[in-house]
Amino acid sequence: MKILSLANKVPFPRKDGGAIGILNILEGYADNGHQVTLLAMNTPKHHIPEKDLPTDLASKIRFLLVDVNTNIKVLSLLVNWAFSLKAYILQRFVSPPFERQLIKLLQEESFDFVQLEGLYLCPYIPIIRQNSDTRIILREHNVEHEIWERTAEVEKGFKRFYLKNMAKRLRKAEIGFLNQYDILSTVTDRDKETLNQLGNRQPAIVMQPGFAIETKPASELTGPLSIGFLGALDWIPNQIGLKWFVENCWPQIHSAHPDIQFLVAGRNAPEALGEILKQSGISFFGEIENAHDFISSRSILIVPLLSGSGVRVKILEGLTMGKAIVTTSIGAEGIPVQSGKELIIADTPEAFAKAVIQLLDNPEHIQQLGHEAFRLASEHYRYDKTVIPFLQFLEKEKEVHHA
């Protein structure tokens, strides 16, 4: 099959959950013999020179990058707020140059499927319909308006008011785009059910992120114990969660284990968050080159999410590497885990700090969690358990469409 994927950012390098989630699936398509083209917006925030794409990756996937300025413009935001009912965050990704490149591509080539990587590509559905008879897949990585609703709940003042308003606008847009595609793909059963309840009537199938998993779990713990956090720090839920952990949990952990280091990595951290991280026992690295090495070097991973939607790809990546993980109920949402078995779920500062301290007190429990995490990942998140069933579904859809 020929598959065209549309993305609102270049999913490389694999340093955040979104990039991993997109690129792993597209590689899975290519590795199973399908022709894959990725038309992606090359934004200032995630700008990648084409020459920086590795040869082995570019040989699997054809990358077509279009420069799109998605930076927030204060005047445009204020005009949108005052005179429009549309979501400004969605409007930022409506780009004439991207539209022109899409039209050119659809007129010059035929594709069996066009896959939209999330809500922000939905405004291009009419363009696809006008220029092609291809089948459209909407791959919803999250229920987008839920992220903003949940983020608003943990904010205060005008920021909370603004986020709640944005969530309402996004919810209206998300509902408005329902059924304009031909196939709905979600990353969790919960997201599928939520979108069905909102009105989806098209065929829906869950395709979780897939990973190439080693045949055995990580080796025994070596070196001093440490705690790690890795996540894009220009994503508001990560900012809120990390701040919550540092202010409410870290003092207890640091008091109980003053020699333990908390290592934080993530790009584009706001200056205020950088100041919060200037505490005893905390080392902040900013953007790092190798996320895999960073995760594998940590004894415990923390994912303190208080808002968000979909599935946390960084948690899945940690599971595939056999790491001990402490997270919240929202962090573990959509992952078939039992707290205390494959990872630990804690929703209050006291419970979160206690969970981390108990792991540091008992390294054998760290090992046990890691082994169970690896077992779960091997059963649920291997490529052959995620990508191949979806491709088989698409092949049947293609046969029906051409019959």
Side-chain angles (χ1 to χ4, degrees), residues 1-43 45-68 93 95 97-118 120-121 124 128 132 134-141 181 183 185 187 207-213 289-292 313 316-317 320 381-395 397-398:
M1 295 183 290
K2 285 188 68 175
I3 300 171
L4 170 63
S5 172
L6 307 184
N8 65 331
K9 68 175 184 179
V10 183
F12 183 85
R14 287 177 238 237
K15 293 183 179 178
D16 61 76
I20 294 168
I22 293 171
L23 207 51
N24 280 15
I25 293 300
L26 297 185
E27 274 199 289
Y29 293 169
D31 289 342
N32 281 279
H34 304 287
Q35 297 179 49
V36 181
T37 299
L38 173 64
L39 178 62
M41 299 182 190
N42 209 0
T43 67
K45 194 173 177 182
H46 302 98
H47 198 274
I48 301 293
E50 287 197 43
K51 62 179 177 61
D52 289 352
L53 295 170
T55 305
D56 61 336
L57 185 60
S59 66
K60 289 183 181 181
I61 300 168
R62 177 172 59 151
F63 284 80
L64 300 174
L65 310 184
V66 180
D67 286 342
V68 176
F93 296 99
S95 162
F98 188 82
E99 180 180 312
R100 288 193 294 270
Q101 182 62 46
L102 175 60
I103 292 171
K104 180 174 183 290
L105 193 57
L106 292 173
Q107 290 179 345
E108 291 178 352
E109 299 183 40
S110 295
F111 295 92
D112 295 298
F113 295 95
V114 173
Q115 179 167 297
L116 310 178
E117 300 292 351
Y120 299 116
L121 282 305
Y124 297 95
I128 299 169
S132 173
T134 185
R135 305 275 279 165
I136 298 175
I137 305 164
L138 173 58
R139 179 154 168 76
E140 280 281 36
H141 299 258
Y181 43 81
I183 298 164
S185 169
V187 296
M207 178 175 55
Q208 297 170 327
F211 295 85
I213 302 177
E289 285 301 315
N290 194 312
H292 185 277
V313 175
L316 300 185
E317 193 172 27
T320 68
Y381 298 105
R382 300 181 75 94
Y383 271 128
D384 56 347
K385 301 287 180 66
T386 59
V387 176
I388 292 176
F390 186 71
L391 287 170
Q392 291 170 342
F393 171 81
L394 292 186
E395 285 167 347
E397 286 287 318
K398 178 186 173 184

**OP:** Give a yes or no on whether the backbone of Gly210 and the side-chain of Asn24 come within a donor-acceptor separation of less than 3.5 Å.
**Re:** yes
Original post:
Do Arg135 side-chain atoms and Leu394 backbone N/O form a donor-acceptor pair below 3.5 Å?
Top reply: no
Subject >> Contacts of type side-chain hydrogen bond (donor to acceptor under 3.5 Å, both in side chains), residue Arg62, not counting sequence neighbours >> reply: Thr37, Glu109
Subject >> Exercise: identify the closest heavy-atom pair between Thr386 and Gln208 >> reply: CB-O, 3.2 Å
Subject >> All salt bridge (charged side-chain N to carboxylate O under 4.0 Å, His left out) counterparts of Lys60, not counting sequence neighbours >> reply: Glu27, Asp31
**OP:** Answer yes or no: is there a side-chain heavy-atom contact under 4.5 Å between Pro49 and Leu65?
**Re:** no
**OP:** Please check if atom NZ in Lys2 has more than 12 non-hydrogen atoms from other residues, nucleotides or ligands closer than 6.0 Å.
**Re:** yes
Subject >> Gap between atom NZ of Lys9 and atom CZ of Phe93 - 0.5 Å precision >> reply: 9.5 Å
**OP:** Evaluate the side-chain proximity of Leu26 to Gln115: yes if any heavy-atom separation is below 4.5 Å, no if none is.
**Re:** yes
**OP:** Grab the two heavy atoms, one from His34 and one from Met1, that are nearest each other, plus how far apart they are.
**Re:** ND1-N, 3.1 Å
Original post:
So, for Ala19 and Pro13, which heavy atoms are closest and what is the spacing to 0.1 Å?
Top reply: CB-O, 3.7 Å
Subject >> Closest contact, heavy atoms only, Leu138 versus Gly118 >> reply: CD1-O, 3.7 Å
Original post:
If we only count heavy atoms from C-beta on, is the Ile137 to Ser185 side-chain gap below 4.5 Å?
Top reply: yes
**OP:** Could I get the full list of salt bridge (charged side-chain N to carboxylate O under 4.0 Å, His left out) partners for Glu140, not counting sequence neighbours?
**Re:** none
Subject >> By salt bridge (charged side-chain N to carboxylate O under 4.0 Å, His left out) - contacts of Asp67 (at least two apart) >> reply: none
Original post:
Quick one: does Asp52's side chain get under 4.5 Å of Phe12's, heavy atoms only?
Top reply: no
**OP:** Measure the spacing between CZ of Phe211 and NZ of Lys385 and express it to the nearest 0.5 Å.
**Re:** 14.5 Å
Subject >> Heavy-atom closest pair, residues Phe63 and Glu50 >> reply: O-OE1, 4.1 Å
Original post:
When rounded to the nearest 0.5 angstrom, what is the spacing between CD1 in Ile103 and CZ in Arg100?
Top reply: 9.0 Å
Subject >> Residue pair Tyr29, Ile61: steps toward the side chain to side chain contact (heavy atoms under 4.5 Å, CB included) verdict >> reply: CA-CA 9 Å; Tyr29 293 169; Ile61 300 168; over 6 Å; no
Original post:
How about Arg139 and Ile22: do any of their side-chain heavy atoms sit closer than 4.5 Å?
Top reply: no
Original post:
Which is it for Val313 and His141 under the side chain to side chain contact (heavy atoms under 4.5 Å, CB included) test, yes or no, and what are the steps along the way?
Top reply: CA-CA 10 Å; Val313 175; His141 299 258; over 6 Å; no
Subject >> Atom pair CE (Met207) and CD1 (Ile25), whose distance is rounded to the nearest 0.5 Å >> reply: 4.5 Å
Subject >> NE2/His47: more than 12 non-hydrogen atoms of other groups inside 6.0 Å >> reply: yes
Original post:
What's the shortest heavy-atom distance between Ala30 and Val36, and which atoms?
Top reply: N-CG2, 3.9 Å
Original post:
What's the spacing between Ile388 CD1 and Asn32 CG if we round to 0.5 Å?
Top reply: 4.5 Å
Original post:
Would you say the side chain of Met41 lies within less than 4.5 Å of the side chain of Leu6, judging by non-hydrogen atoms?
Top reply: no
Subject >> Identified side chain to side chain contact (heavy atoms under 4.5 Å, CB included) counterpart of Leu4 within the set Ile136, Leu106, Asp112 >> reply: Leu106
Subject >> Heavy-atom neighbours of Gln107 CD exceed 12 at 6.0 Å >> reply: yes
Subject >> Euclidean distance, Ile3 CD1 relative to Leu391 CG, rounded to 0.5 Å >> reply: 6.0 Å
Subject >> Partners passing side chain to side chain contact (heavy atoms under 4.5 Å, CB included) against Lys45 (at least two apart in sequence or in another chain) >> reply: Thr43, Asp234, Asn268
**OP:** Would you confirm whether His46, through its side chain, and Val10, through its main-chain N or O, come within 3.5 Å as a donor-acceptor pair?
**Re:** no
Original post:
Which residues pass the ring pair (Phe, Tyr, Trp, His ring centres under 6.0 Å) test with Tyr124, sequence neighbours left out?
Top reply: Phe98
